[in-house]
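Here is the structure we will look at.
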Amino acid sequence: MSSEKIIIAIDGFSSSGKSTMARRLANTIGYRYIDSGAMYRAVTLYAMRHGMIGAGGSVDSAALIAALPDIHIDFKVEGDGQVTMLNGEPVEKEIRSLEVSSHVSPVAAIPEVRHALVKMQREMGESKGIVMDGRDIGTVVFPAAEMKVFCNAAPERRAQRRFKELSEKGAEVSYEEILANVNERDLIDMTRKESPLRQADDAVLLDNSEMSLDEQNDWLMNLYDSITGAKA
Ligand code: CDP
């Protein structure tokens with residue numbers, strides 16, 4: 001097997017299990033894991049806290065664009081996982097709330113926001129050895145990534161998983177609310193002008209609707225082995 005490090009891009013629909021599999025793969029092979037969605041979520045939290053999101057959910061994009069130089073996002077490694085830091089403050093729990101989920105896609109559709117975050121993401125991948133998950137990693141951030149996966153599952157399965165995850169964390173949310181959020185984000189993510197969600201031509205499709213976590217991890221590891229083995 002080649003010891004040369006590669007870039008691994010994992011894209012897909014909301015709550016399709018990307019983050020879980022990307023994190024696990026990164027831990028197994030000793031790569032850095034970056035959750036690009038957490039970065040869009042952190043920018044959204046900043047906008048919410050600074051009154052840049054109106055009652056109807058409209059985003060004051062001019063104010064947010066002007067504030068971009070003041071928004072610093074980082075990840076702090078903690079045990080096996082990592083904590084998203086917004087201007088030095090840990091915000092991991094807050095950015096996973098349904099409130100942030102309901103505002104993130106319009107924020108992520110603002111071209112200037114995307115340019116700023118894509119620049120940071122490319123810097124993080126400069127020395128390779130990285131697994132990054134998101135919506136545009138294989139198409140825009142790292143079009144030359146050696147391994148690309150595109151993840152999907154039936155919307156009802158994805159909503160069930162997210163419902164279980166949030167309920168276990170004690171959040172008071174209904175399955176219906178989550179399903180509506182999953183469908184709404186998918187639609188905004190796929191139809192936005194700036195780098196819409198789509199499968200890269202050279203990405204391998206994974207539909208994990210009927211897969212267990214272990215089956216999904218084995219599938220990913222096999223793909224990784226075949227790609228890095230072929231490069232030796
Ligand atoms: O909740 P889930 O894991 O599905 O989403 P996420 O990965 O945390 O991303 C949250 C939102 O950020 C997405 O619905 C997209 O609107 C946006 N996003 C994006 O536009 N580009 C990325 N590379 C990652 C996320």
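Order of appearance sets the numbers: ligands from 1, and atoms from 1 within every ligand.
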Exercise. For residues E215 and E210, report the shortest heavy-atom separation together with the two atoms involved.
Key: OE1-O, 3.9 Å

Self-check item: For atom 1 (O) of ligand 1, the option (of R41, R135, E184, R96) bearing the nearest heavy atom
Solution: R41

Quiz item: In this structure, are over 12 heavy atoms from other groups packed under 6.0 Å from E123 atom CD?
Solution: yes

Quiz item: Between R192 and ligand 1, which part of the residue brings a heavy atom under 4.0 Å of the ligand: side chain, backbone, both or neither?
Solution: side chain

Quiz prompt | Closest candidate by heavy atom, reference atom 9 (O) of ligand 1, pool S101, G37, A9, P106 | solution = G37

Quiz item: Between D214 and S212, is any side-chain donor less than 3.5 angstrom from a side-chain acceptor?
Solution: no

Quiz prompt | For atom 3 (O) of ligand 1, closest protein heavy-atom neighbour | solution = R162 NH2, 3.4 Å

Self-check item: Over 12 foreign heavy atoms within 6.0 Å of CD, E112
Solution: yes

Quiz item: Tell me, which protein residue and heavy-atom name are nearest atom 10 (C) of ligand 1, and how many Å apart are they?
Solution: R185 NH1, 3.4 Å

Quiz prompt | Which residue and heavy atom of the protein sit nearest atom 21 (N) of ligand 1, plus the separation | solution = R114 NH2, 3.0 Å

Self-check item: Distance-only N or O hit between ligand 1 and D35, under 3.5 Å
Solution: no

Quiz item: Nearest to atom 16 (O) of ligand 1, what protein heavy atom do you find, and at what distance?
Solution: D189 OD1, 2.6 Å

Exercise. For atom 4 (O) of ligand 1, grab the closest protein heavy atom and report residue, atom and distance to one decimal in Å.
Key: S15 N, 2.6 Å

Self-check item: R96/E165 ion pair, N-O < 4.0 Å
Solution: no

Quiz item: So is M39 in contact with ligand 1, going by heavy-atom distances below 4.0 Å?
Solution: no

Quiz item: For D70, does its backbone N or O pair with a side-chain atom of N87 as donor and acceptor, under 3.5 Å?
Solution: yes

Quiz prompt | Protein heavy-atom partner closest to atom 17 (C) of ligand 1 - residue, atom, separation in Å | solution = A108 CB, 3.7 Å

Practice problem: Go through the side-chain N and O atoms of S195 and R114 and say whether any donor and acceptor fall under 3.5 Å apart. | Solution: yes

Quiz item: S14 heavy atoms, cut-off 4.0 Å: which ligand 1 atoms fall inside?
Solution: 4 (O)

Practice problem: Mind checking the CD1-CD1 spacing from I8 to I227? Nearest 0.5 Å is all I need. | Solution: 7.5 Å

Quiz prompt | Test of proximity, D136 against ligand 1: N or O pairs below 3.5 Å | solution = yes

Practice problem: For atom 24 (C) of ligand 1, find the nearest protein heavy atom and state the residue, atom name and distance (0.1 Å precision). | Solution: S36 OG, 3.3 Å

Quiz prompt | Test item: R158 side-chain N/O and S14 main-chain N/O as donor-acceptor pair under 3.5 Å | solution = yes

